[in-house]
Structure formats: structure tokens, C-alpha cells
Amino acid sequence: MGALSRPEEVLALVKLRVAAGQIKRQIPPEEHWAFAYSMLQKVSRSFALVIQQLGPELRNAVCIFYLVLRALDTVEDDTSIPTEVKVPILQEFYRHIYNRDWHYSCGTNHYKMLMDKFRHVSTAFLELGEGYQKAIEEVTRRMGAGMAKFICKEVETVDDYDEYCHYVAGLVGYGLSRLFYAAGTEDLALDSLSNSMGLFLQKTNIIRDYLEDINEIPKSRMFWPREIWSKYADKLEDFKYEENSKKAVQCLNNMVTDALIHAEECLQYMSALKDPAIFRFCAIPQIMAIGTCALCYNNVHVFRGVVKMRRGLTARIIDETNSMTDVYTAFYEFSSLIESKIDDSDPNAALTQRRVDSIKQTCKSSGLVKQRGYHLEKSPYRPMLIMIVLLLVAILFGVMF
């Protein structure tokens, strides 16, 4: 019931449900494209929703770009693959996307299916325009080489951390900017801004996924930099244990503060976008990132279980993000929520405050900040009342849950 804990989120949830149903009805009939879009829904439902708003040509390119990189990431993430096998696959992956017969069995669940039937992705890739193909090939080549480098290298310093995040996410921003440019709808963004768009998302995910990553079987793969966590513990896994909660939260706050340095460049990137569909495609994940930072900051539950936004709040963000006014408002409100959780005794309190102040000032100086009232905590409304309201709204939409 957490997702339905606020009446203001009910309508957004219903609209999200309707949109999800529409996506299923829009899956192309060709086998390879049907596989691509069906797989996209399986590995990232929220991304599948946002991508559908793009024009058909760009939508196809972004869909395949995502699946190619998701497949590459599946190879990197599979800790059961020996290093001597994994490194050459990562380095040569960009060549495989041109081969309709290539596949490699690894990963689990939907990711294993993606790898086993990768021929469908390659077939779809070969139908894209040359400009799209070259952008996807370049990013896949550079990302695979970077991943291979960090298979054999620990993330020791903050510079290492930034470099790793550049390879696995900054290059995604770089590639998307080139796809937008190839579509003829956007100017080519500065690489530094494209990089920040990726780093902010990636760092947020690395922070949120601490417990899942540290418990990875057969062995953990962690990307929290030693330069940060060693100030608070002898071993990174120490943060799992309750007796280390205070130091764990201090390290967490340090990590969130580090991620916030990218927020203003993300705002700069988004403010330059012209196409409304591309704008929403870029803005929704960034708002989710700043919201997740606010949720994780000073929150010991990051080390105890799954920490993520309510479905209702996610639905509301998807529904309400249409302009820079909405972006500035969300960044201002979520930054204010981080500010409200700053503990003066935290070692990074002053730096966190400065970064939050800078984000808020950037938003305020735009003159576009409104009041929206995003809340991360659950509300006191009774679940049964919310269900009744949801049912009534669903009937109005002609959708029965």
C-alpha cells in the first residue's frame, strides 16, 4: 500500500497504468523489433514508458542503444565469468553488434534471455540509420574497453570512481547526445554536460544499491571508492552491521554529497533541450535521481534493505514533468529535503550544505520554481480509503484493476 499512500498520487498511478497498457499494444509485429521492445519492458519498465514518447526513428535507435549497453553490462555484472574470458568479450563487444549470429549465455532471468537471443538486437541494430549505428558502435567500444580496465582495477580514489562512472554512464550521456543530434532535433551538447547527466544517475544507483552489490553471489562487486569509505571503516562490508550504523551513515552522506556536484550541470544540459519528448526522456530520470539522493541521505536503511521511491511518487513525477519549471521545482524541493536532514555533527555537513545551497540558488535564479509538495515519507491516510478512491478513478478511465 506504500505506493497508494497519498491521494494526490492516485490519478498519476492510473494514468501510468493506462500508458503501460498502451505500450503493450504498440509492440511492432516484426520478430526482432517485437523482441526488442518486449525485452525493454522486462529490463526497465520506467525507461520503456519514457522512450515511447520519442519519434519512431529516434525511439528505435534509443531502444537498441539501451539493449546493447544492457547486454554489455550483463557480461560485466556476471561475477561467475572468469576474468580471462570476460575481458576479451567486453573489449570486442562493439564488433558483435554487427553479427546477427552472435550470442553469449550469461546473466539471470530476463538478462539471460537478452543474451541468449541477442541476434534479434543485432538484426534491429542493422536496420538503423548509419549515423545512429556509428554513435552506438563508438560508445559500446569505449564502454567495453573501460569496463575491461576496471575488471582488473579496484576503485581506489575518487578520480577512479569518476572514471569508472564515465565509462559505464557518462558515455551513455555522450551517446544519447549524439543520437539526438543525428535525429536533427537537438544541438550537440558539450561532452562535459553529457558526462554529468550520466554520472549523476550512476552514482545515485551505486549509492542506493550498496546492500544488493555487497551481497552479490559468488562474489561482491563494489564501486564505492576506498578514498571515501576508508575514512569510516576498515572494510566496506562493515557497514552492513548494526554496530557500525553511525559510521555507515556518515559515509553514505559523504557519497551523496559527492553525487550532488553533478546536479547543476544536469540542469544546464536539460535547459538547452528543444524537443519536448527528448526533454521528458532526459528530465524524468534526473528528477528520480535527485529524489533518490534525498531518500538515501542520512538513511541507515540503505544498509539494511531496498530503498526506493514509492510507485505513486514515481508515477507523479512521470506525469508532472513537462518543462524546466517542473525540473527546477523538483530539484529545489528534493534539495530542500536533503537540507532538512543535514546533521550538524556530520563530518561533511558544511560541504553538503554548500552544495545544496548552490543547487537551490540555481533553481531560484531561474525564476521558474513553483510549489509542488513532493513527499518521500508515507502519509497517514487509510489504505482502504485510498483503494476506494483509486477504484473510482480507474472506472472513470475505463480501466478496472
Side-chain angles (χ1 to χ4, degrees), residues 150 155-173 192-214 222-232 236 239 248-270 282-303 307-309 317 327 330-343 346-363 374 376:
F150 276 90
V155 178
E156 297 285 345
T157 67
V158 173
D159 285 344
D160 291 340
Y161 182 44
D162 286 342
E163 184 183 8
Y164 172 76
C165 289
H166 165 71
Y167 286 132
V168 301
L171 286 173
V172 178
S192 59
L193 301 185
S194 300
N195 190 57
S196 283
M197 290 285 284
L199 262 62
F200 191 43
L201 299 182
Q202 183 66 21
K203 288 186 175 183
T204 300
N205 289 339
I206 286 172
I207 292 165
R208 181 198 61 197
D209 294 341
Y210 167 88
L211 192 63
E212 178 184 341
D213 291 342
I214 203 79
M222 296 300 295
F223 300 100
W224 289 38
R226 181 184 295 272
E227 183 179 340
I228 290 179
W229 65 256
S230 63
K231 294 186 290 185
Y232 307 95
L236 188 51
F239 295 141
V249 169
Q250 289 177 348
C251 182
L252 170 66
N253 292 347
N254 196 333
M255 292 288 289
V256 172
T257 301
D258 169 79
L260 293 177
I261 199 170
H262 305 291
E264 288 171 83
E265 287 200 330
C266 292
L267 291 171
Q268 186 179 343
Y269 180 100
M270 289 183 281
C282 294
I284 289 169
Q286 297 297 330
I287 292 177
M288 293 293 295
I290 189 71
T292 301
C293 283
L295 185 61
C296 290
Y297 184 81
N298 216 38
N299 186 353
V300 72
H301 293 295
V302 170
F303 305 98
V307 174
K308 62 180 182 180
M309 278 195 202
I317 288 169
V327 172
F331 268 66
Y332 185 88
E333 292 199 356
F334 284 127
S335 296
S336 297
L337 285 169
I338 294 174
E339 183 177 35
S340 70
K341 296 163 71 175
I342 295 174
D343 184 340
D346 186 272
N348 292 280
L351 179 58
T352 307
Q353 185 66 60
R354 286 198 299 274
R355 292 200 174 152
V356 166
D357 286 344
S358 186
I359 295 168
K360 290 176 65 178
Q361 182 57 39
T362 296
C363 295
Y374 287 129
L376 293 171

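Just so you know, residue 1 is the first one in the sequence shown, and it goes up from there.
- Interatomic distance, S196 OG to L201 CG, rounded to the nearest 0.5 Å: 10.5 Å.
- The distance from the SG atom of C296 to the CZ atom of F303 is 9.0 Å, given to the nearest 0.5 Å.
- Between atom CG of residue L199 and atom CD of residue E163 there is a gap of 11.0 Å, rounded to the nearest 0.5 Å.
- Between A259 and I207, the shortest heavy-atom contact is CB-CD1, 4.2 Å.
- Between M222 and V155, the closest side-chain pair of non-hydrogen atoms is not below 4.5 Å.
- Inter-residue side-chain proximity for M255 and K203 is flagged as unmet; no heavy-atom pair is nearer than 4.5 Å.
- Within the 4.5 Å cutoff, the side chain of R355 has no heavy atoms near those of the I338 side chain.
- Taking CD of Q250 as the reference point, atom CD1 of I228 lies at 13.5 Å (rounded to 0.5 Å).
- In this structure, L252 and Y297 have side chains that are not in contact, with every pair of non-hydrogen atoms separated by 4.5 Å or more.
- Crowding of I214 atom CD1: a count of heavy atoms from other residues, nucleotides or ligands under 6.0 Å exceeding 12.
- With contacts defined as side-chain heavy-atom distances shorter than 4.5 Å, the pair D160/P225 does not qualify.
- By the neighbour-count criterion of 12 heavy atoms within 6.0 Å, atom NZ of K308 is sparsely surrounded, having that number or fewer from other residues, nucleotides or ligands.
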query: Should T292 and F334 be marked as a side-chain contact (heavy atoms from CB on, under 4.5 Å) after you check the CA-CA gap, both sets of side-chain angles, and the distance that decides it?
result: CA-CA 9 Å; T292 301; F334 284 127; over 6 Å; no

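- Residues M197 and Q286 approach most closely at O-NE2, 3.0 Å, considering heavy atoms.
- A donor and an acceptor atom, one from each side chain of N254 and Y232, are located under 3.5 Å apart.
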message: I'd like to know whether L260 forms a side-chain contact (heavy atoms from CB on, under 4.5 Å) with I290, so could you lay out the CA-CA distance, the side-chain angles of the two residues, the decisive distance to 0.1 Å, and finally the verdict.
response: CA-CA 8 Å; L260 293 177; I290 189 71; 3.8 Å; yes

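- Taking 4.5 Å as the limit, some side-chain heavy atom of I206 sits within range of a side-chain heavy atom of Q202.
- Rounding to the nearest 0.5 Å places CG of D346 at 10.5 Å from SG of C251.
- Counting heavy atoms from C-beta outward, E339 and Q353 have side chains that approach closer than 4.5 Å.
- Checking side-chain atoms of K341 against main-chain N and O of A294 turns up a donor-acceptor pair under 3.5 Å.
- Residues F239 and V302 form no side-chain contact, since every pair of their non-hydrogen atoms from C-beta on lies 4.5 Å or further apart.
- Here the straight-line distance linking atom SG of C293 with atom CG of L337 works out to 12.0 Å at 0.5 Å rounding.
- At distances below 3.5 Å, at least one donor-acceptor pair connects side-chain atoms of T362 with backbone N or O atoms of S358.
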message: Set out, in order, the CA-CA distance, both residues' side-chain angles and the distance that settles side-chain contact (heavy atoms from CB on, under 4.5 Å) for T157 and R226, then state yes or no.
response: CA-CA 6 Å; T157 67; R226 181 184 295 272; over 6 Å; no

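- Remark: S335 engages no residue in a side chain to side chain donor-acceptor pair (under 3.5 Å) (not counting sequence neighbours).
- For W224, the ring pair (Phe, Tyr, Trp, His ring centres under 6.0 Å) criterion is met by Y210, not counting sequence neighbours.
- Judged purely by distance below 3.5 Å, without hydrogens or angles, the side chains of E265 and Y269 never pair a donor atom with an acceptor atom.
- Shown are D258, N298, N348; of these, the side-chain hydrogen bond (donor to acceptor under 3.5 Å, both in side chains) with N253 is made only by N298.
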